[in-house]
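Ligands are counted one by one from 1 in listed order, and the atoms in each one are counted from 1 as well. Side-chain atoms are counted along with the backbone in the values below, which use heavy atoms only and exclude waters and symmetry mates.
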Amino acid sequence: MEYISTRGKVGSIGFIDAFMMGLANDGGLLIPKQIPQIPIETLQTWSKLGYTELVYEIFTYFTNDEIPQEDLKQLIADSYSTFRHPEVTPITKLSDELYLLELFHGPTFAFKDVALQFMGQLYSYVAKKKGVRINILGATSGDTGASAIEGVRGKDGIKICILHPHGKVSKVQELQMTTVQDDNVLNLSVDGNFDDCQRIIKELFANLDFKSANDLAAINSINFIRIMAQIVYYFYAYFQVAGNIGADKVNFSVPTGNFGDIFAGYMAKRMGLPIGKLILATNENNILERFIKEGVYMPGDFRMTYSPSMDIQVASNFERYLYYVLGEDPELIAKLMEQFKVEGEISISSEALAAVQSEFAAHGVLGAECLSTISRVKTETNYLLDPHSACGVAAAQQCAEKGEITISLATAHPAKFNEAIELCGIEQQYPEPIQALFNKEQRQTRIAGDKQAIASAIEAFYRG
Ligand SMILES: Cc1ncc(COP(=O)(O)O)c(C=O)c1O
Ligand SMILES: N[C@@H](CCOP(=O)(O)O)C(=O)O
């Protein structure tokens, strides 16, 4: 397996090089040169595997033998031993037609841990093997930051700097990031929103002199390894719900912001998993809902919502999907992304829109619907959804046809978002690791949303 850029200006590179490059050096996103095709007999064998066995089988399609078998197995075992559930990503049934895929049993109670526990191990492995310095730079709307920090805190040879939008993450998310006292961690609390943080770090990654002078590495879903690790739970969930591969297709409903998680589902489908509809759930920041319904990709005004991790207008991974749906033409993608930068809009043809709509459905969940979904599901089933997962459930109920089976991704634990849960008049008890955060000291640096100021701060930290 080799990796290429959506914009065509990076030659084919191997797995570790793709991991270390993060954002492609031509400003595009790295993708596998060919999407692996999994034969039906292999799917049948996989349907009987436990979670970490399945991780190993799927990863070997992407890692090119660049990591010796035993090392890869050990990295996987270490990554998932930190999860509180033996199945890592278990399924819960809400009704005969609706299942939840619980992705929040990792150390920071959000789906990001599934990929970032592995990436933390892998960065540490590469730092040791190659004797290189690794300086991670990431942007977060709350969950990626906490999870990435947890994955590498205190690890030799690695420093991590995370930008989060000041005052726009939940209290628990803020505490998870800022109460970490390890010296290899810097939290920058940026005046601006998540889009500002993401734009600034992408510009810093695209400045190749700055990137190489500072040994920058990425943990956001611009790094394809994030997608690779997230592909696994689509397979695992399908096998748990459908029982075996002869069963009907299953829909997935995915709370969406940066389009990374749902893109992993799209990859799983392209690899041969019998997925019906991919249902894209947004909150009021509904640029992607509008794209799927109208074929126009155009950011609107940034809105603060009950699901702050999805308060994103410009979705990083959308470029990967555009590449595939528009015929794998890197020149066209480079042109469209340049046009987006200048004009702030991309429109696709009616034929391309029909292709999009044959695979995706979408629903933008407004605040009132998000809260009423939390309350209704709690009353009917005694299950407490977090507001992001509630968007997924609301969209599943809106977009799935009667008789179809849908697995809705539960992307975070409700304790991370008590602000919304309280508004539903529901009292919850925090799990102990979250309760303990309230007694810890915080460390963070408030900073203007200015690229130069941020570049100087991170350079000083990495060199210090
Ligand atoms: C809890 C939660 N749900 C959903 C999302 C959206 O996922 P993605 O950005 O991969 O679309 C995020 C943030 O990424 C999140 O933290
Ligand atoms: N919702 C995310 C935003 C960053 O997304 P990523 O998947 O690209 O890391 C967050 O919680 O930070």
Side-chain angles (χ1 to χ4, degrees), residues 22-23 29 101-104 106 108-116 119 136-149 151 162-165 168-170 172-174 176-177 187 190 193-199 201-202 205 218-227 229-231 233-234 252-267 278-283 285-289 305-321 362 365 370 385-393 395 408-417 420:
L23 185 72
L29 293 177
L101 169 56
E102 292 184 345
L103 298 170
F104 51 74
T108 67
F109 297 83
F111 80 96
K112 309 289 179 168
D113 290 327
V114 177
L116 284 164
M119 276 174 80
I136 294 171
L137 177 61
T140 189
S141 53
D143 288 325
T144 295
S147 180
I149 289 170
I162 296 292
L163 278 58
H164 71 263
K168 296 189 177 69
V169 299
S170 80
V172 169
Q173 288 178 318
E174 183 190 316
Q176 283 181 321
M177 290 186 278
N187 279 291
V190 178
N193 58 37
F194 170 75
D195 289 314
D196 299 320
C197 298
Q198 178 154 266
R199 178 180 39 76
I201 70 154
K202 276 182 134 178
F205 276 111
I219 43 78
N220 281 105
S221 55
I222 52 175
N223 196 319
F224 184 78
I225 309 326
R226 281 276 309 278
I227 307 296
Q230 292 172 205
I231 287 171
Y233 48 69
Y234 285 90
F252 281 90
S253 181
V254 188
T256 295
N258 235 354
F259 203 79
D261 214 3
I262 200 161
F263 181 74
Y266 173 75
M267 290 292 283
L278 285 162
I279 299 171
L280 181 146
T282 69
N283 58 26
N285 296 289
N286 68 342
I287 174 172
L288 290 166
E289 180 205 9
T305 71
Y306 300 129
S307 44
S309 296
M310 284 158 50
D311 291 347
I312 299 174
Q313 288 282 333
V314 182
S316 251
N317 287 280
F318 182 67
E319 178 169 344
R320 286 191 169 112
Y321 177 60
V365 181
C370 173
L385 294 165
D386 97 283
H388 305 77
S389 310
C391 291
V393 166
S408 193
L409 272 55
T411 48
H413 190 288
K416 293 193 87 164
F417 303 101

Tell me yes or no: between the side chains of [X] and [Y], is some donor less than 3.5 Å from an acceptor?
{"X": "Arg226", "Y": "Asn223", "answer": "no"}
{"X": "Ser309", "Y": "Gln173", "answer": "yes"}
{"X": "Asn258", "Y": "Gln198", "answer": "yes"}

Please confirm whether Ala110 approaches ligand 1 to less than 4.0 Å, judged on its heavy atoms.
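No.
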Per-atom contacts, ligand 1 versus [X] - under 4.0 Å to a heavy atom:
{"X": "Ala412", "value": "1 (C)"}
{"X": "Lys112", "value": "13 (C), 14 (O), 16 (O)"}
{"X": "His388", "value": "1 (C), 2 (C), 3 (N)"}
{"X": "Phe259", "value": "8 (P), 9 (O), 11 (O)"}

Within the 4.0 Å heavy-atom shell around [X], which atoms of ligand 2 are there?
{"X": "Thr140", "result": "10 (C), 11 (O), 12 (O)"}
{"X": "Thr144", "result": "2 (C), 4 (C), 5 (O), 6 (P), 7 (O), 9 (O), 10 (C), 11 (O), 12 (O)"}
{"X": "Arg226", "result": "6 (P), 7 (O), 9 (O)"}
{"X": "Phe194", "result": "3 (C), 4 (C)"}

Within a strict 4.5 Å, meaning less than it, do heavy atoms of the Pro255 and Leu409 side chains meet?
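With C-beta onward as the side chain, the pair touches.
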Geometry only, no angles: is Gly260 polar-contacting ligand 1 at N/O separations under 3.5 Å?
yes
Suppose we measure from [atom] to each protein heavy atom; which comes out shortest, and what is that distance?
{"atom": "atom 7 (O) of ligand 1", "value": "Phe111 CZ, 3.5 Å"}
{"atom": "atom 11 (O) of ligand 1", "value": "Gly257 N, 2.8 Å"}
{"atom": "atom 8 (P) of ligand 1", "value": "Asn258 N, 3.5 Å"}
{"atom": "atom 8 (O) of ligand 2", "value": "Ser221 OG, 2.6 Å"}
{"atom": "atom 10 (O) of ligand 1", "value": "Asp261 N, 2.9 Å"}
{"atom": "atom 4 (C) of ligand 1", "value": "Pro255 O, 3.5 Å"}

Using distance alone, decide if ligand 2 has a nitrogen or oxygen within less than 3.5 Å of any nitrogen or oxygen in Gln198.
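In fact, backbone or side chain, Gln198 has no N or O that close.
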Geometric class of the Tyr321/Phe259 ring pair [parallel <30°, tilted 30-60°, perpendicular >60°]
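Judged by the thresholds at 30° and 60°, the geometry between Phe259 and Tyr321 is tilted.
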Spatial distance of atom CD (Gln313) from atom CG (Asp195) [nearest 0.5 Å]:
6.0 Å
Closest contact, heavy atoms only, [X] versus [Y]:
{"X": "Lys416", "Y": "Phe109", "result": "CD-O, 3.4 Å"}
{"X": "Cys197", "Y": "His164", "result": "SG-C, 3.9 Å"}
{"X": "Val254", "Y": "Asp261", "result": "CG1-CB, 3.9 Å"}
{"X": "Ala420", "Y": "Pro387", "result": "CB-CG, 3.8 Å"}

Sub-4.0 Å heavy-atom approach of [X] to ligand 2:
{"X": "Gly142", "value": "yes"}
{"X": "Ser141", "value": "yes"}
{"X": "Gln173", "value": "no"}
{"X": "Met310", "value": "no"}

Report yes or no: does [X] contribute a side-chain atom to a donor-acceptor pair with the main-chain N or O of [Y] at less than 3.5 Å?
{"X": "Asp143", "Y": "Ala110", "result": "no"}
{"X": "Asn317", "Y": "Phe263", "result": "no"}
{"X": "Asn283", "Y": "Thr305", "result": "no"}

Between the candidates Leu288, Thr411, Thr256, Asp143, which shows the shortest non-hydrogen contact distance to atom 16 (O) of ligand 1?
Asp143
Which is closest to atom 11 (O) of ligand 2 by heavy-atom distance: Thr108, Thr256, Asn317, Asp143?
Asp143
Does ligand 2 have a heavy atom under 4.0 Å from the side chain of Asn258, from its backbone, from both, or from neither?
side chain
Ile219, Asn220, Ile149 screened by side chain to side chain contact (heavy atoms under 4.5 Å, CB included) with Ile136, the one that passes:
Ile219
